[in-house]
Structure formats: structure tokens, C-alpha cells
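All values below come from the heavy atoms of this structure, side chains included, with hydrogens, waters and symmetry mates left out.
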Amino acid sequence: MTTHNELRLLPWSGPDGKPCFLSTDDTNGYLSRLADNIEAIQLGLAAKLLDHASEELSNEEADPEELRSLATELTEALRDTLRVAESRGHRLLAPGPDTRADDTMGPTLPAAAFG
């Protein structure tokens, strides 16, 4: 398998539930933008669902079936959110074009920068 910075994990699964990946150098291409938009939608829905869950859990007379449905929706939202976090985390770790492959300590400054 290729290294983490060569492929982008997409925010959807294939027909058999396996992850989908995108191989591109164009972060502004059609599929990259589509994935960015879907990630934003997924995170927005997760935030709204979290607000709804907070309200339902404070209701002492909440219907058990509604709570079960809510738990299912929260599980799906958490799965999506973790996929977004994994994808974005991998992209953060990817070295840029002006960094060395062995540069694990971040940017360096010349000695003159310290006075």
C-alpha cells in the first residue's frame, strides 16, 4: 500500500463499505472540492445532531425508541467525523514541496534569526 500522503481518504465508502481514496496533486480539483463540501456537510450535521442529543438527554420522559434512533444517528455521525479527522490528519502530516522528507521537527530558522 502507498504511504499516507499519497492518497486522500474520501468522506464516503464504496458499495461494499470499503474506504475510497483519491490520488491527485490538485487540491482544487472537482473531486477534492466535492470531498471538502461533503466533509463540511457531515461535520455540520454532526454538530446539529449533538445539539439535538443534548436536548433529548435532558428530557426525563424521552421515548426509548427515539433514544435508540438517536444513538444510531450519533454512531453514524461519529463514524463520519472520525473519517474526516483521519483524512485531514493525514493531509496535515504530508510534507509540502519545500520540505525535506526527513524533516520531522518542523521549519528551521537560520542562526541569524536568534540575534
Side-chain angles (χ1 to χ4, degrees):
M1 184 165 189
T2 58
T3 61
H4 71 274
N5 60 349
E6 293 178 2
L7 299 174
R8 176 183 179 171
L9 177 63
L10 295 172
W12 55 81
S13 299
D16 54 356
K18 292 183 180 178
C20 292
F21 295 92
L22 175 64
S23 176
T24 183
D25 292 331
D26 185 5
T27 58
N28 202 26
Y30 175 77
L31 281 178
S32 293
R33 289 190 327 267
L34 178 63
D36 290 341
N37 289 336
I38 290 176
E39 286 178 351
I41 290 168
Q42 288 173 328
L43 294 176
L45 289 173
K48 288 180 182 179
L49 187 57
L50 181 59
D51 288 342
H52 176 66
S54 296
E55 291 172 11
E56 283 297 314
L57 291 174
S58 66
N59 178 6
E60 293 181 15
E61 297 178 13
D63 179 48
E65 285 301 313
E66 288 181 22
L67 291 176
R68 180 176 172 80
S69 175
L70 179 60
T72 301
E73 292 174 14
L74 284 168
T75 301
E76 292 170 6
L78 180 58
R79 185 177 297 113
D80 290 343
T81 302
L82 288 173
R83 182 184 302 260
V84 170
E86 180 181 352
S87 176
R88 291 182 180 185
H90 282 264
R91 286 182 279 149
L92 286 175
L93 297 174
D98 59 345
T99 59
R100 297 185 318 262
D102 63 343
D103 187 8
T104 58
M105 297 304 292
T108 59
L109 296 173
F114 296 99

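- Of all non-hydrogen atoms in Arg33 and Asn28, the two that sit nearest each other are NH1-O, 2.7 Å.
- The number of heavy-atom neighbours closer than 6.0 Å to CG of Asp51, taken from other residues, nucleotides and ligands shown, is above 12.
- Proximity of a side-chain donor or acceptor of Ser69 to a complementary backbone N or O of Glu65 within less than 3.5 Å is not detected.
- Proximity of a side-chain donor or acceptor of Arg83 to a complementary backbone N or O of Pro11 within less than 3.5 Å is not detected.
- Once rounded to the nearest 0.5 Å, the distance linking CG of Leu67 with CG of Asn59 reads 8.0 Å.
- Closest heavy-atom contact between Cys20 and Ser13: SG-C, 3.6 Å.
- To the nearest 0.5 Å, atoms CG (Asp80) and CH2 (Trp12) are separated by 12.0 Å.
- To the nearest 0.5 angstrom, Leu50 atom CG is 10.5 Å from Glu55 atom CD.
- Taking 4.5 Å as the limit, every side-chain heavy atom of Asp26 sits out of range of all side-chain heavy atoms of Leu31.
- Phe21 and Leu10 fall into different hydrophobic clusters, where Ile, Leu, Val, Met, Phe, Trp and Tyr are joined by side-chain heavy atoms under 4.5 Å apart, directly or via other members.
- Summarising the geometry, atom CG belonging to Leu22 is positioned 10.5 Å from atom CG belonging to Leu9; distances are rounded to the nearest 0.5 Å.
- Residues Tyr30 and Thr24 fail the side-chain proximity criterion, which asks for heavy atoms closer than 4.5 Å.
- Counting heavy atoms from C-beta outward, Thr81 and Gln42 have side chains that stay 4.5 Å or more apart.
- Put simply, the side chain of Ser87 never gets that close to the backbone of Val84: no donor and acceptor are under 3.5 Å apart.
- Of all heavy-atom pairs spanning Leu49 and Leu74, the tightest one is CD2-N, 3.6 Å.
- Distance alone, capped at 3.5 Å, is enough to place a donor-acceptor pair between the Arg8 side chain and the Ser32 backbone.
- Atoms CG and CZ, on Asp36 and Arg88 in that order, are 7.0 Å from each other to the nearest 0.5 Å.
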Q: Show the numbers, then the answer: is there a side-chain contact (heavy atoms from CB on, under 4.5 Å) between Arg79 and Thr75?
A: CA-CA 6 Å; Arg79 185 177 297 113; Thr75 301; 3.7 Å; yes
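- Note that the CD atom of Glu66 and the CD atom of Glu73 stand 10.5 Å from one another [nearest 0.5 Å].
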